Each structure stands twice: as C-alpha cells, then as structure tokens.
Protein chains: 2
Amino acid sequence: MAGTDGRTTGARYRRLAADLREAIASGAFGSDGRLPSEEQLAQQYGVSRGTVRQALSVLRANGLVTSRRGTRRVVLGTARTQSFMELMSFTLWARSLGEEPGGRTIDITRCTANPLEREQLGLAPGAEIYRVLRLRTLSRVPIMIERTIYVEHVGAMIAGLEPEAISHIEPLTEQGVVFADAEHTVDLVYADAEDAELLGCEEGAPLMRERRRATDPAGTPLEWSEDRYLPGTVSFTVHNSVASTALSRRRA
Amino acid sequence: MAGTDGRTTGARYRRLAADLREAIASGAFGSDGRLPSEEQLAQQYGVSRGTVRQALSVLRANGLVTSRRGTRRVVLGTARTQSFMELMSFTLWARSLGEEPGGRTIDITRCTANPLEREQLGLAPGAEIYRVLRLRTLSRVPIMIERTIYVEHVGAMIAGLEPEAISHIEPLTEQGVVFADAEHTVDLVYADAEDAELLGCEEGAPLMRERRRATDPAGTPLEWSEDRYLPGTVSFTVHNSVASTALSRRRA
DNA sequence: AAGTGGTCTAGACCACGTG
DNA sequence: ACGTGGTCTAGACCACTTA
C-alpha cells in the first residue's frame, strides 16, 4: 500500500491507476473495500486531487470502483477488462489465458476493393486492399476463422510476413502501425461451406460472429475483420455505466 | 453553430456535450470534420478549457471524435451509442427504434435464493428474491425470452405491477430505484424445451444469449437477467479505444 | 454538521504533428 | 516555429450522504 513504489514511465495518473489496480487486486482496502478519500490519496502519492481523480476515472470506467457524491469510493471487483491490444490480437489474448495460440494463413490476396469493402475502410473507388483468410487455433484446436481486409500499406506488411507467423499484429506494431480505436459487433450466423470445412463443423451450424473495424489515432480505418467462432469457445463481456456508455443493442 | 442555445439543466459539460453532439449530427463542422480548438470552444461557450475537455471526453468515449496531441479533433461519425437506460430497458429500446414493444409475464415467484442466485446478486444465505419470466415482442413478433431475478425490495415492486405492464423498469425508476452500472455478457446457447415453446422455435435451435448484472450507485446488485434472442433479431456493438477499454473477450 | 465526490476555473508546461 | 491536445496544479464552491 506504499505510495512510492510502482512504475516510473508514462503519465502520473496512469501509474497511479496501475498502483491502485494492484492495491485493489491484493485486497489492500480491507473487507469493506472503502478507498481513501481523494484528498488522502493526493497527499499519499504527492499529486494533486485532479490527478487522483483522473486515475480513479479510469478504474471507474473499467467497473472496478463505484463513485457517487457524498460517500467514499468502494471496490466493486478486481480487474476483468483486458487491454485494447489484447482485444485486437488473438495471439496476445491466447497468451494471457496461458494457452498456445496458433494460426494457419489460408490465403492472402491483393486486389481492388469492391464497393462494400470500400465503405468498410472508407476508401475511394479503385483503391487496393489485401484480403487475408486465417484459421485460428487455441492449443491446437481450431476455434475461429478470421476474414480480414487491410488498407494497402498495412496489408503490404502482412504479405511480407512468413506464412507460419503466429501474430500479425505484433509485427505491424513494431513497424509503427498504431491501432487506436475499434468498433466490435457481435451476432449469430450460420456456417457456410468454407466455414464448415475449415472449422470442422456442419454447413449451416451456428457460429458466433464478431465484426470489427479498427482505426489509427487519426480515425483512418486500417483493417476490417469478420471473425467466426465455434459455439462454446468464447463470450464477450462489456461494462457499462450511466456515466460512460460504450455498448448499444441493434436491430439485426 | 450558435453557442448559447441548448439545454439549461444539469452540469455545464453535459449540456456542452449535447450541443456538440447536435452540431456533429447536423454536419456543422464542414466536410473535413475538423472541430474548433479547445481554446476556441471555451471562448465560444464562455466556459473554461477544463469544462470543454470534460465534454469532449464524453464524445470521445462514444467514438464520435478523435483526439490526439498535435492536431485538432476530427469527427468520426454521428451518435450510434444508446443511453444506459435504453440498454437496460427493452421497452425504451423498442420505442427508440420506432417499433411497438410488447411483453407477456409468464411467471413471477417469490422464493429463497439458491447458491448460484445468491452469488449473482451478492446475497447472504436465506435471502429472498423474485424470479420473473417474460416473453418479449417487437411489433407483436416474439423475439426474446427474459429470465430475471430481483433482490427482494425491487422484486416486490415488480410483483405489484399489472400483469400486462409493458415496461417494468420505468415504474421502478419512478419509485426511486436507480440503476447505475451493468455488466453484459454475450454468447450463444441452444434452446431448451421452455425456450422453444415460448419463442416458437425448435428445441436445440441456436439463440443469442445476453446475461446482465445491474447495480445501484453504491454497487449493490439489483437484478440479474438472462435474455435469449432469436437469431437475426439483434446484434450488440461496442466502441473501444486505447484510452478506455470496456470490452473483454472470454474463454467460454 | 462534517466529510466526500462532482463541477468549474485559471494558469502552467510539455509532447506531438504540421507546415 | 507554431498550434494543438495531454498532463498537472491549486483553489473554489456545490450537492449529496452519513452520522
């Protein structure tokens, strides 16, 4: 519960948030889970109240602590949310589970984007894209099929990787591609012939579908992906509050 | 693009956020979608830069605008996210779609919570709960079956409603029950005999499942619900960014 | 009545992107 | 070099909860 250990890089409020996250996970706030007041934390950590509030707002958005006028904050639960990159990268996600990620690239093609693809990536007529088809495994068991299209300059990097490369996103990040935002949509679809063959299920079998559009910090789309999971292999969880709503329910 | 019209209640930054939301929706920021600088907005609206930033952070969390050091913010899209209550209430949601919400309460029972239910609502052994089973329709077509358990004092209010009441949450809100946070988990399940009969599908047919735990501002659980949708009727969408991650992918 | 978080202000410096 | 958003500070007042 010290106030001086912990990280030394990045913004103060991020380090503080990480510290508090640890303190929460280790049960440092007692059985009732009441946090110190903002003023107390500010003094303990030698920062202003504004910085404390910035740190706490992160924890609040993650559903870790309450926040209401008049009473101290209370611990709601330990960290469940994953980092943004863990959501983008099947490989990172698998590793964080302690499972062995695998993947087989079935096909990579460079071609001219069709109208639908142009809309998904916000491209002009005639733009070139890369289409990538991969089968993903968890501890050698196929669980997901991934159909992704990349804007040209990103796809070119992917095409330069070895076919056996397990992670595609890590090399991209090393080469300076920055993913900043993503929109995920989850629904239910039925396996087509290709799905069935690759996943080893019946044609017409139900699958969980996650569609995802990822952009760079400027808002420019980088990739658009449609992932199909075998039932019983994944679920998606969202935390939502009056103050910050990220989720929406749509008519199909 | 005036700065003086708009709401007159609630926090300044919320009113400002609503104003900016409208301005974005009406295309007031031109074809390139570049927003004025924070300093300019502060002067236009007669507030401090801090308040402007607070308003913009709301829009950012909703995926409406970009935000990066060095450049002005840019419009990403018009509002897609729904209010927190629209997510909690099937009735509100249906109305916002312009469709007619309907519901039939199949069963309400007061009983002692079993161990699983106690864990879901964080209750002590022996606690009483209400179990509610409802069939939900959109424009008279059944699309979802809802199995909800309520803590005792909330369930008692539900039990006092007419059986034909379309909305359960609205009366609760009027009686002072405040929903503040919720955690939603989406996956795929297969219809059991009861699902099949009520939804009019085959037993074993695939359904989209949304499980939800909702709490009051103090973090005390109020309800736990398991909703099952017919395929093709809904999808769930989440916006996610490096700065604020609410979503997580789980091994089933 | 006292304590706490929510809101707002005014000002400062820095890191980054662009011209 | 300049403008921009990101971070941080110090202080103020208010709304709410709790005792």
Side-chain angles (χ1 to χ4, degrees), chain A residues 7-18 20 29 32-61 64-76 176 178 180-181 216-220 241-244, chain B residues 7-18 20 29 32-61 64-76 176 178 180-181 216-220 241-244:
Chain A
R7 296 124 208 95
T8 52
T9 59
R12 271 253 213 315
Y13 79 90
R14 286 187 189 283
R15 285 180 269 153
L16 178 48
L20 294 172
F29 296 123
D32 57 352
R34 272 171 40 113
L35 291 168
S37 75
E38 296 176 353
E39 200 57 63
Q40 285 170 20
L41 286 171
Q43 288 180 12
Q44 279 176 36
Y45 285 88
V47 296
S48 74
R49 191 185 155 211
T51 301
V52 170
R53 284 181 59 77
Q54 217 170 341
L56 287 170
S57 80
V58 175
L59 302 193
R60 192 206 173 178
L64 288 180
V65 298
T66 63
S67 68
R68 35 198 293 247
R69 252 194 278 242
T71 63
R72 289 210 180 162
R73 294 169 192 267
V74 174
V75 173
L76 275 182
V178 180
D181 287 81
D216 70 8
T220 309
S241 74
V242 198
S244 76
Chain B
R7 297 121 207 95
T8 50
T9 58
R12 270 245 201 346
Y13 79 91
R14 285 186 189 282
R15 285 180 269 152
L16 178 47
L20 293 172
F29 296 123
D32 57 353
R34 272 171 41 113
L35 292 168
S37 74
E38 296 176 353
E39 201 56 63
Q40 285 170 20
L41 286 171
Q43 289 181 10
Q44 281 176 34
Y45 285 88
V47 297
S48 75
R49 192 184 154 211
T51 301
V52 170
R53 284 182 60 77
Q54 217 171 341
L56 288 170
S57 80
V58 174
L59 302 193
R60 193 209 172 170
L64 288 180
V65 298
T66 62
S67 69
R68 35 197 295 244
R69 251 195 279 242
T71 63
R72 290 209 179 163
R73 294 169 192 267
V74 174
V75 173
L76 276 182
V178 180
D181 287 81
D216 71 7
T220 309
S241 73
V242 200
S244 76

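Because the structure is predicted, anything quoted here is derived from the model rather than measured.
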Take A:V58 and A:Y13 through the side chain to side chain contact (heavy atoms under 4.5 Å, CB included) test and state the conclusion after the steps. CA-CA 9 Å; A:V58 175; A:Y13 79 90; 4.2 Å; yes

Starting from the C-alpha separation in whole Å, work towards a yes-or-no answer on side chain to side chain contact (heavy atoms under 4.5 Å, CB included) for A:V74 and A:D32. CA-CA 8 Å; A:V74 174; A:D32 57 352; over 6 Å; no

Evaluate the side-chain hydrogen bond (donor to acceptor under 3.5 Å, both in side chains) criterion for residues A:S67 and A:R60: first the C-alpha distance (whole Å), next the side-chain angles of each, then the deciding distance (0.1 Å), finally the verdict. CA-CA 7 Å; A:S67 68; A:R60 192 206 173 178; 2.9 Å; yes

Does the side chain to side chain contact (heavy atoms under 4.5 Å, CB included) test come out yes or no for B:L41 and B:L16, once each step is laid out? CA-CA 10 Å; B:L41 286 171; B:L16 178 47; 5.8 Å; no

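The side chain to side chain contact (heavy atoms under 4.5 Å, CB included) search around B:R14 returns B:A11, not counting sequence neighbours.
Contacts between residues 49-56 of chain B and DNA chain D, defined by a heavy-atom separation under 4.0 Å, are made by B:R49, B:R53.
Nucleotides of DNA chain D nearest to A:A11 and A:R68 differ in position, and the one nearer the 5' end is that of A:A11.
For the pair A:R60 CZ and C:dT4 P, the computed distance is 18 Å after rounding to whole Å. If you measure from atom OH of A:Y13 to atom C1' of C:dA15, you get 13 Å, rounded to the nearest angstrom. Between the P atom of C:dG3 and the CZ atom of A:R72 lies a distance of 11 Å, rounded to the nearest Å.
Rounding to the nearest 0.5 Å places CG of B:L20 at 5.5 Å from CG of B:L59.
Looking at every heavy atom in both residues, B:R68 comes nearest to A:A218 through NH1-CB, 3.4 Å.
Along DNA chain D, the stretch of nucleotides lying under 4.0 Å from any heavy atom of chain A spans, 5' to 3', D:dT7 to D:dT18.
A side chain to side chain donor-acceptor pair (under 3.5 Å) with A:R49 holds for exactly one of A:E38, A:Q54, A:Q43; it is A:E38.
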